[in-house]
Amino acid sequence: QVQLVESGGGLVQAGDSLKLSCAASGRTFSSYTMGWFRQAPGKEREFVARISGNGGVVYYADSMKGRFTISRDNAKNRVFLQMNSLKPEDTAVYYCAATSYGSSSPNAYNYWGQGTQVTVSS
């Protein structure tokens with residue numbers, strides 16, 4: 001019942017910033033917890049950040065704290081990931097996802113976007 005489309009990825013240098021966007025369809029967007037995940041080739045999908053339906057509760061993976069910020073604009077059915085001080089280790093496909101529960105596990109998320117590539121060079 002929810003379609004998600006990410007955008008904003010690209011090729012940047014270490015230390016640069018990017019802001020990813022996820023556009024959602026559906027009439028109940030504000031009821032979903034939204035998460036960002038990432039996956040590099042040959043690696044497991046990794047939790048990045050999540051935000052509750054009203055934006056009041058946010059969680060980050062420890063390695064992202066202080067560098068990444070998740071936000072949402074329910075009036076526009078969008079969720080964002082501001083990424084600062086990017087490192088080559090951040091290179092991955094980034095996905096947004098939606099769940100009805102507060103969770104950092106990808107298994108809890110019912111809907112996924114197609115992903116957007118972020119490549120950080122040194």
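- For residues 8-78, the disulfide (SG to SG under 2.5 Å) pairs, not counting sequence neighbours, are C22-C96.
- Residue V12 shares its hydrophobic cluster (ILVMFWY side chains chained together at separations under 4.5 Å) with V2, L4, L18, L20, F29, Y32, M34, W36, V48, I51, V58, Y60, M64, F68, I70, V79, L81, M83, L86, Y94, Y111, V118, V120.
- The list of disulfide (SG to SG under 2.5 Å) pairs with a residue in residues 43-83, not counting sequence neighbours, is empty.
- Listed for the R50 side chain is no donor-acceptor partner under 3.5 Å among the backbone atoms of A97.
- Residue pairs satisfying the side chain to side chain donor-acceptor pair (under 3.5 Å) criterion with at least one member in residues 17-27, sequence neighbours excluded, are listed as follows: S17-N84, S21-R78.
- Applying the salt bridge (charged side-chain N to carboxylate O under 4.0 Å, His left out) test to every pair with at least one member in residues 54-66, sequence neighbours left out, gives these pairs: D62-K65.
- When every heavy atom of E6 is checked against every heavy atom of G115, the shortest pair comes out as OE1-N, 2.8 Å.
- V5 is linked by a side chain to side chain contact (heavy atoms under 4.5 Å, CB included) to Q114, counting only residues two or more places apart in sequence or in another chain.
- Identified under the salt bridge (charged side-chain N to carboxylate O under 4.0 Å, His left out) test for residues 84-110, with sequence neighbours left out: R38-D90, R67-D90.
- Here S103 pairs with S105, A108 under the side chain to side chain contact (heavy atoms under 4.5 Å, CB included) rule; sequence neighbours left out.
- Enclosure of atom CD in Q3 is not indicated, since only 12 or fewer non-hydrogen atoms of other residues, nucleotides or ligands lie within 6.0 angstrom.
- Nearest approach of S122 to P88, heavy atoms of both residues: CB-CG, 4.0 Å.
- Closest of all the heavy-atom pairs between T28 and S31 is O-OG, 2.7 Å.
- Residue pairs meeting the disulfide (SG to SG under 2.5 Å) criterion with at least one partner in residues 23-59, sequence neighbours excluded, are absent.
- Applying the side chain to side chain contact (heavy atoms under 4.5 Å, CB included) criterion to Q13, with sequence neighbours excluded, gives D16, S121.
- Counting side-chain heavy-atom gaps under 4.5 Å among Ile, Leu, Val, Met, Phe, Trp and Tyr, Y101 is found in no cluster with other residues.
- By the ring-ring contact (aromatic ring centres under 6.0 Å, His included) test, F47 is found to be paired with F37, residues two or more places apart in sequence or in another chain being considered.
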| query | Given the rule in the side chain to side chain contact (heavy atoms under 4.5 Å, CB included) test, do R45 and Y109 qualify, once you have shown the distances and angles that lead to the verdict? | reply | CA-CA 12 Å; R45 189 160 296 190; Y109 287 76; over 6 Å; no
